[in-house]
Amino acid sequence: MTIPGLMQRTPLTLDMVFDRLSTVYADGRIADVEGETTYGDFSRRVLRLARALTDELGVRPGDRVATFGFNSIRHLELYYAVPLLGAVLHTVNVRLFDDQIAYIVDHAQDTVLFVDGELVESLARVAPRLPSVERYVRMGAGPDDLPGLLDHDELVAAHEPAHDLPPLDEDAAFGLCYTSGTTGNPKGVLYSHRAMVLHSFAACMADHIGLREADVVLPVVPMFHAFAWGLPYAAPLTGAELVFHGSDSSPEHLGRVIDDHGVTLTAGVPTIWKSLLPDLQSGELAAEALRLVFVGGAASPRALIEAYDELGIEYLQVWGMTETGPLACASRPRRRHRGLDREQLLDVRERTGTIFAGLEARVTDTAGRALPRDGASVGELEVSGPWIASAYYGVDAADRFNDGWLKTGDMAYMEADGEFRIVDRAKDLVKSGGEWISSVELEGHLLAHPDIADAAVVGVPSRRWDERPVAVIVPRDGQAPPTLEEVRAFLADRVAKWWLPDAVDVVDEIPKTSVGKLDKKVMRASLDLILD
Ligand code: ADP
């Protein structure tokens, strides 16, 4: 019922962002490895693509359209064309195993699949196991070996712009994204238009991420990982320009993209910023325009935050999950931190931060009761709000929710003013003699060791203590790896004695997941060790 005299009730849907980028910011640039366009020209191609999707590919509201691609302008066209016609955009992680790809495409019942030219061959291998897919479309040049393959650009060229798109419901499904399965099978999260719009506004707030028209934004986070953290929507909402780097995430290529396009703001997992550091420190990469690097997906080691500080580039730690929009928290110092010295401020920024306005967070005990916000009581972090999942798509996972709150699987403690720190993922905490040890904290200290280039800590079974920590380390180039005694001596005045690792495993490379996080499942399996 409408109350007379009440303000307008405009639905919060994607066309709010699309109309703005196509009119107010029509002159804004978008670039990828193939070339450049403007938001104005981009919006006309989106409308042609929307027409092709309905008229030629038979896509109807509610249908799932999958993408299998890296970051590019064509991929961005689908980010808009698919939800604008009421269909659901499903971004498939291209680095999953064939079995996982077959599983999620079947689970989502995708009917059309857009694939990057350079990924056609790898998709062709799994295509016979994707019975729901009726049509394949290739984005860019590449081989033809998929049944009935169409070409993205030809589709766009062959159709008139769709100026008669259906009105959208803010509570309609907008996009589908599966968790990357770091700790289990991929589970689908179904985003609504309303959630996406509110998430975009929230990301733009100055103390959250803080985007503006003058920014040139490079999402290094892949477009198949939680919608590139929402940047393809949040950036155009402010008029910020977008740059896409394609499939090459090497520091050389990213460095070139940052310098060539005058990137001011970029985002990705800590591993990426670690890999760019040597070129930034040597001056090889000037990154003169770069003002903000925001980093999530895993905790950021203090040494990394400090290294960016020394370069004069702001390093902002953020927290989120596929299930949380995904951005939900940023670690910006608060009013009460004014006057702290450099080291103390680093302590603050190393914490996870404060939940975004619009969302709520709490920490609960194993019975699901809220714990005090006393800066000490550790429990499971739970979150709720308009861009938090209320269930998983098509699976019963009631145990992941507590009275409407999403259980994050992250263990944290919270201060009275809501600032919180994640100590570890529940599954990665090392449970030793009835107490827990934070693998994240140990990793942070190990990375400060001059002879250690990369490190991870995993719990391995122990006859006496249930589990004990083992440090998996990569020595710095040309350095002899530190021995167990040296590692323990280095950590001795940083952590409690019973936290010190029981063994050191020296490796050439730390295994990483499909989205660049430490792959502890693989490390635990390959250690295959039982300690006393
Ligand atoms: P997956 O669950 O498959 O890894 P997500 O990308 O959704 O996929 O991962 C979300 C998880 O990443 C969080 O639950 C948390 O454990 C971790 N994470 C994200 N940001 C941070 C952060 N700033 N500090 C610590 N952990 C983080």
Side-chain angles (χ1 to χ4, degrees), residues 91-93 95-97 100 104 176-189 191 199 208-209 219-230 267-273 293-302 304-305 315-332 348-356 361 363 378 380-383 387-389 392-393 397 400 405-414 419-429 438-444 456-457 511-522:
T91 51
V92 180
N93 181 338
R95 300 210 179 92
L96 293 181
F97 299 117
Q100 291 174 310
I104 65 173
L176 179 60
C177 194
Y178 284 71
T179 62
S180 48
T182 309
T183 55
N185 269 335
K187 288 200 278 297
V189 180
Y191 288 48
H199 175 269
H208 293 174
I209 307 302
V220 176
V221 46
M223 291 173 89
F224 55 74
H225 184 202
F227 295 107
W229 298 353
V269 292
T271 322
I272 297 286
W273 311 114
V293 171
F294 79 90
V295 188
S300 281
R302 184 189 185 96
L304 193 58
I305 305 178
Y315 185 109
L316 174 68
Q317 170 157 222
V318 302
W319 172 89
M321 308 170 71
T322 304
E323 294 86 335
T324 66
L327 299 173
C329 169
S331 185
R332 287 189 187 276
V348 171
R349 289 166 56 209
E350 216 188 341
R351 285 177 214 145
T352 316
T354 305
I355 201 81
F356 280 2
V363 168
V378 172
E380 184 164 5
L381 178 71
E382 297 186 350
V383 292
W387 60 96
I388 305 292
Y392 287 97
Y393 178 67
R400 300 313 308 144
W405 294 71
L406 169 78
K407 292 162 75 76
T408 65
D410 288 331
M411 303 302 286
Y413 60 81
M414 195 175 272
E419 190 200 12
F420 64 88
R421 179 176 192 152
I422 291 175
V423 293
D424 217 334
R425 276 195 155 179
K427 289 186 180 160
D428 294 338
L429 274 179
S438 161
S439 65
V440 172
E441 190 173 338
L442 280 176
E443 283 154 8
V457 170
K512 303 269 159 59
T513 69
S514 62
V515 289
K517 305 188 193 192
L518 306 179
D519 198 336
K520 300 205 174 175
K521 246 191 323 199
V522 167

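Both ligands and their constituent atoms are indexed starting at 1 by order of listing.
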Full working for side-chain contact (heavy atoms from CB on, under 4.5 Å) between Tyr191 and Trp387 = CA-CA 8 Å; Tyr191 288 48; Trp387 60 96; over 6 Å; no
Q) Met411 and Glu380: side-chain contact (heavy atoms from CB on, under 4.5 Å), yes or no, with the steps? A) CA-CA 5 Å; Met411 303 302 286; Glu380 184 164 5; 4.3 Å; yes
Checking Ile209 against Val318 for the side-chain contact (heavy atoms from CB on, under 4.5 Å) test, could you report, in this order, the C-alpha distance in whole Å, the side-chain angles of both residues, the deciding distance, and whether it holds?
CA-CA 8 Å; Ile209 307 302; Val318 302; 3.6 Å; yes
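For ligand 1, the polar-atom distance check finds no N/O of Gly296 at less than 3.5 Å from any of the ligand's N/O atoms. Taking distance alone, with nitrogen or oxygen atoms compared against 3.5 Å, Arg425 approaches ligand 1 more closely than that limit. Of the polar atoms of Thr352, none of the N or O atoms is found under 3.5 Å from an N or O of ligand 1, judged by distance alone.
Between the side chains of Asp428 and Ser439, no donor N or O sits under 3.5 Å from an acceptor N or O.
Ligand 1 lies within reach of Gly297, whose nearest heavy atom is under 4.0 Å from it. At a 4.0 Å cut-off, not a single heavy atom of Val515 sits close enough to ligand 1 to count as contact.
With sequence neighbours left out, the side chain to side chain donor-acceptor pair (under 3.5 Å) criterion links Arg302 to Glu343, Asp347, Glu350. Not counting sequence neighbours, Phe224 has no partner by the ring-ring contact (aromatic ring centres under 6.0 Å, His included) test.
If you number the atoms of ligand 1 from 1 as listed, the ones under 4.0 Å from a heavy atom of His225 come out as 6 (O). Taking a cut-off of under 4.0 Å to the non-hydrogen atoms of Thr322, the atoms of ligand 1 that pass are 5 (P), 7 (O). The ligand atoms of ligand 1 that sit less than 4.0 angstrom from a heavy atom of Ala298 are 18 (N), 19 (C), 20 (N), 21 (C), 22 (C), 23 (N), 24 (N), 25 (C), 26 (N), 27 (C). Ligand 1 places these atoms under 4.0 Å from at least one heavy atom of Met321: 7 (O), 10 (C), 13 (C), 14 (O). In summary, the atoms of ligand 1 found under 4.0 Å from a heavy atom of Gln317, numbered by their order in the structure, are 22 (C), 23 (N), 24 (N).
When non-hydrogen atoms are compared, ligand 1 lies under 4.0 Å from the side chain of Asp410 (C-beta onward) but not from its backbone.
For Gln317 (side chain) and Arg349 (main-chain N/O), a donor-acceptor pair under 3.5 Å exists by modelled atom type.
Residues Ala361 and Phe420 share a closest heavy-atom pair of CB-CE2, 4.3 Å.
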